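All remarks here apply to the structure that follows.
Just so you know, these numbers come straight off a predicted model, no measurement behind them. The basis for the numbers below is simple: all heavy atoms, side chains too, and nothing from hydrogens, waters or symmetry mates.
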Amino acid sequence: MTVRRTSCNLCEAICGVLVAVEDGRVTDIRGDESDPLSRGHICPKAVALRDLQDDPDRLTTPVRRTPDGWQQIGWEAAYEIVVGKLTGIQQEHGRNAVGVYLGNPNVHSLGALTHMPTMVRQLRTRNRFSATSIDQLPHMLASYLLYGHQLMVPVPDIDRTSYLLMLGANPLASNGSMMTAPGFGTRLKELRKRGGKVVVVDPRRTETAAVSDEHHFVRPGTDAAFLLALIHQVIADGHARVASYVDGLATVEAAVEKWTPERAAAITGIPADVIRRVAEEFATADRATCYGRVGVSTQQFGAICQWAIQVLNIITGNLDRPGGTMFPRPAVNALLGLGRGHVGVWKSRVRGLPEFGGELPVATMAEEILTPGEGQIRAMVTVAGNPVLSTPNGSRLDEAFAALDFMVAIDPYINETTRHADVILPPAPPLEREQYDIVFHQLAVRNTARWNDPVLPKPAEARHDWEIFRDLGLALVRRTPWSRRRAEVTARLRTPPRWIVDAGLRIGPYPLSVRKLRRSPGGVDLGPLQPALPGALHRKSKRIDLAQRMILDELPRLDALTELSAGELLLIGRRHLRNNNSWMHNSARLVKGKPRHQLLMHPDDLADRGLADGQLVTVASTAGSVAVEVAASNDIMPGVVSLPHGFGHNRPGSRLTVANQVQGPSANDVTDANLVDAVAGTAAVNGVPVTVTATDPGGVAVTPNAR
């Protein structure tokens, strides 16, 4: 038996792990205490790495759809089919007739990050989509507007802060998100031990809220009103102070003048005196940081929320300050390999939603496939994604994928989305590949670096994801008449990921290389976050302008927010430590135990509708309806119901033996693709108006809808 060091790249925590291998099989996985970032922390998902490796449902060779079912084929034959079909469709119908969807796991893979963008660019299509627009897009938009780069995202310096204000975030379940903070629970205990305070604002008393100093329920979709009221109060109390390189405070002051604590209280449900007190505590704390995540991003005012969070941190002097929000200084600067970003250069064909960074909102993907006309998507490339379960109005997208002329999936599973593919190209699993986390070191609460060699050898017939992108990209270069800079593109595709990382390390701020990192397999500690402004700003002026017209012009939309209404029900999602979107339900160790698919509902709301705990109910919205068991919970705000996303397996044709036995509907069958953030185009999957009614055993609602 040998023990090898690597890291778990299934979530943003990138925890270091020790993997025991005996006779070519993984026998044990434990936390690596030598990792300077995770410090031995581990969660159940890391242990499930062995399940991915050993899963009999995982594809190991390409397959193609035939009238007699799936048929294994060789790699070269698969490439020939894929490239021939994609280029043929583009030649007949135009470049935009091919669409691309990129799932969340891509950002967790070194090879995908280094080679997938180059391959996708060879398609020259504007119909590109990703999980970004149902996740962190408002973060990236705010960073682009304020700091000049879409990935220049300040992170909470949690290890030194004394006041942590969190909205719509549950890092005890996520291990941090857009904030790489493994072992968040330990870090939270350390914060409180040194006399700090944690305040959580969320429609549900989450695992994180339960261990905080304060938790305040907030009506879903109204967080922007709460944040604007905080900004209003900080300024009104004379606490606003900005750095010499910050402009626009007077304009912001005028814009938030009417957002008093009283006005926000009537809308959000948070008392005015609480808003005043939180504003005072935050502004006068010696080190404070405000952090908001999925709950405030994936709603109709997500962009305003993330802008307001940045403004609050800036005007209280907590940006670029130890214990506030700071910019990591990673060994490999991811910003150099990713464009600054742009917004609204083009818009979606059907609804006119704006692109951001070259991607259109995923909420418009189904209609771009189903609506006839010039530019209609007729073929799709999906990479490591399951949008049928993870994006709004999944049932309509299911219908759309079935209507395509051709579809190729780069994915190791036949799941609810890839079952529609004509060809599936499966990449090698995580334990068989090299890894350096380019993006998550860019978002980490401490500067560290770690290179991981493969734990297990890759079989000769298998392909790494970067090799799949390389081969497809090279074939596209040969076949597409519009391919430019052929020699440059070819060289980039042929360069192994290790060489790219090594080059990034050598030009980085530390004397490092891949060879040096391999000598420290547990990772190297590069120290705490350090002040970097204004020099690090990606603007020629080296200044920050708070008064962003794109945001300020949308503030009047908040006027449509009404006071709390008796009888309304608003749907929100929720996350569990053992869940990872839709793609870890095929691990028996992660789905075992008490079912966690139920609809959470406050007892008073149940009583008002004549419903009982454990009853089968129908949840309905403008998008559709699902049947699910309801669970009474005092941890949910009255007027709010919560359903986790990522469920909804066991659809015809999917081959997920364990997942197909997991109970629960898809929450995205009732989220509405027409509900989006008008600024960013982010899907609004939180704050969805729904009705909940009793359901008979046949699945038919038997009581009138009650909103």
Check your understanding: Residues in ring pair (Phe, Tyr, Trp, His ring centres under 6.0 Å) with Phe401, at least two apart?
Key -> none
**Study point:** Between Ser177 and Arg293: side-chain donor-acceptor atoms closer than 3.5 Å
**Key:** yes
Review point. So, Trp307 side chain and Leu552 main chain: donor-acceptor pair closer than 3.5 Å or not?
Key: no
Check your understanding: When you check the side-chain N and O atoms of Thr418 and Asp411, is any donor under 3.5 Å from an acceptor?
Key -> no
Review point. Does a donor on one side chain and an acceptor on the other come within less than 3.5 Å for Thr132 and Asp135?
Key: no
Practice item. Run the salt-bridge test on Glu399 and Arg396 with the 4.0 Å N-O cut-off and return the result as yes or no. Key: no
**Study point:** Residue pairs, two or more places apart or on separate chains, that pass salt bridge (charged side-chain N to carboxylate O under 4.0 Å, His left out) and touch residues 351-360
**Key:** Arg351-Glu367
Point to revise | Sole candidate of Val688, Thr298, Asn686 that passes side-chain contact (heavy atoms from CB on, under 4.5 Å) when paired with Leu675 | key: Val688
Practice item. Verify the distance criterion only: is there a donor paired with an acceptor across the side chains of Arg95 and Thr125 at less than 3.5 Å? Key: no
Which donor-acceptor pairs under 3.5 Å do the side chains of residues 375-385 make with protein atoms, sequence neighbours left out?
residue	atom	partner	partner atom	Å
Gln376	NE2	Ile369	O	2.8
Arg378	NE	His93	ND1	3.3

Revision key, fill the gap. The reported gap from CZ in Phe440 to CD in Glu12 (rounded to nearest 0.5 angstrom) is 4.5 Å
Check your understanding: Between the main-chain N or O of Asp57 and the side-chain N or O of Asp55, is there a donor-acceptor pair closer than 3.5 Å?
Key -> yes
Check your understanding: So, do Val617 and Val628 sit near enough that their side-chain heavy atoms are less than 4.5 Å apart?
Key -> yes
Practice item. Starting at CG of Asn668, measure out to OG1 of Thr671 and round the result to the nearest 0.5 Å. Key: 3.5 Å
Review point. Are side-chain heavy atoms of Ile81 and Phe406 found at a separation under 4.5 Å?
Key: yes
Practice item. Report the distance from atom CZ of Arg470 to atom CZ of Arg492, rounding to the nearest 0.5 Å. Key: 16.0 Å
Review point. Is any side-chain heavy atom of Glu554 closer than 4.5 Å to a side-chain heavy atom of Phe301?
Key: no
Point to revise | Side-chain donor or acceptor of Arg128 paired with backbone N/O of Gly358 under 3.5 Å | key: yes
Revision key, fill the gap. With sequence neighbours left out, the residues meeting salt bridge (charged side-chain N to carboxylate O under 4.0 Å, His left out) with Asp559 are Lys258, Arg263
**Study point:** Partner set under salt bridge (charged side-chain N to carboxylate O under 4.0 Å, His left out) for Arg651, not counting sequence neighbours
**Key:** Asp398, Asp669
Revision key, fill the gap. Between Ile134 and the options Thr682, Val676, Val362, the side-chain contact (heavy atoms from CB on, under 4.5 Å) test singles out Val362
Check your understanding: Are Arg494 and Asp471 close enough, and set up right, to give a salt bridge (charged side-chain N to carboxylate O under 4.0 Å, His left out), and what steps lead you there?
Key -> CA-CA 9 Å; Arg494 292 187 184 278; Asp471 296 342; over 6 Å; no
Practice item. Would you mind listing every ring-ring contact (aromatic ring centres under 6.0 Å, His included) that reaches into residues 112-139, with sequence neighbours excluded? Key: His115-Trp466
Study note, to complete from the structure: Output for pair (Leu353 CG, Lys347 NZ), nearest 0.5 Å, gives 9.0 Å
Revision key, fill the gap. Residues at least two apart in sequence or cross-chain that pass ring pair (Phe, Tyr, Trp, His ring centres under 6.0 Å) with His597, listed by chain then number, are none
Check your understanding: Do the non-hydrogen side-chain atoms of Asn127 and Val100 ever get within less than 4.5 Å of each other?
Key -> no
Practice item. Identify, with sequence neighbours excluded, every residue that meets ring pair (Phe, Tyr, Trp, His ring centres under 6.0 Å) alongside Phe647. Key: His585
Check your understanding: Hey, does Leu59 have a side-chain heavy atom less than 4.5 Å from the side chain of Ile414?
Key -> yes
Exercise for review: Take Arg349 and Glu374 through the test salt bridge (charged side-chain N to carboxylate O under 4.0 Å, His left out) and record every step on the way to the result.
Suggested key: CA-CA 9 Å; Arg349 175 180 64 105; Glu374 184 178 353; over 6 Å; no
**Study point:** Between Asp672 and Thr622: side-chain donor-acceptor atoms closer than 3.5 Å
**Key:** yes
Exercise for review: Could you tell me whether the side chain of Met550 reaches within less than 4.5 Å of the side chain of Val343, counting heavy atoms only?
Suggested key: yes
Review point. What heavy-atom pair brings Leu141 and Ala680 nearest, and what distance separates the two atoms?
Key: CD2-CB, 3.9 Å
Practice item. Say whether Gln299 and Asp223, considering side chains only, have a donor N or O and an acceptor N or O under 3.5 Å apart. Key: yes
Exercise for review: Would you mind reporting whether Ile551 and Leu145 have side-chain heavy atoms less than 4.5 Å apart?
Suggested key: yes
Review point. So, Asn104 side chain and Ala131 main chain: donor-acceptor pair closer than 3.5 Å or not?
Key: no
Practice item. Take Ser297 and Gln136 through the test side-chain hydrogen bond (donor to acceptor under 3.5 Å, both in side chains) and record every step on the way to the result. Key: CA-CA 6 Å; Ser297 289; Gln136 81 282 359; over 6 Å; no
Point to revise | By side chain to side chain donor-acceptor pair (under 3.5 Å) - contacts of Asn393 (at least two apart) | key: Ser395
Practice item. Sort and list the pairs that fulfil salt bridge (charged side-chain N to carboxylate O under 4.0 Å, His left out) and have at least one residue in residues 105-116, not counting sequence neighbours. Key: none
**Study point:** Under 3.5 Å: donor-acceptor pair, side chain of Asp677, backbone of Ala684
**Key:** no
Review point. How many angstroms lie between OG1 in Thr657 and CG in Asn586, if you round to the nearest 0.5 Å?
Key: 6.0 Å
Practice item. For the pair Gln122 (side chain) and Leu476 (backbone), establish whether a donor and an acceptor sit closer than 3.5 Å, ignoring hydrogens and angles. Key: no
Review point. Hey, does the side chain of Gln90 reach the backbone of Leu123 with a donor-acceptor pair shorter than 3.5 angstrom?
Key: yes
Check your understanding: Below 4.0 angstrom, N of the basic side chain to O of the carboxylate: do Arg479 and Glu80 qualify?
Key -> yes
Review point. Going by the side-chain hydrogen bond (donor to acceptor under 3.5 Å, both in side chains) test, which pairs reach into residues 141-151, not counting sequence neighbours?
Key: Tyr147-Gln310
Check your understanding: Are a donor atom and an acceptor atom from the side chains of Tyr413 and Asn386 found within less than 3.5 Å of each other?
Key -> no
Practice item. Report yes if some heavy atom in the side chain of Arg433 is under 4.5 Å from a heavy atom in the side chain of Asp465; otherwise report no. Key: yes
Check your understanding: Do the side chain of Thr222 and the main chain of Arg219 share a donor and acceptor less than 3.5 angstrom apart?
Key -> yes
Practice item. May I ask you to decide if Thr618's main-chain N or O and Ser625's side chain share a donor-acceptor pair within less than 3.5 Å? Key: no
Revision key, fill the gap. The complete set of salt bridge (charged side-chain N to carboxylate O under 4.0 Å, His left out) pairs with one or both residues in residues 336-346, sequence neighbours excluded, reads none
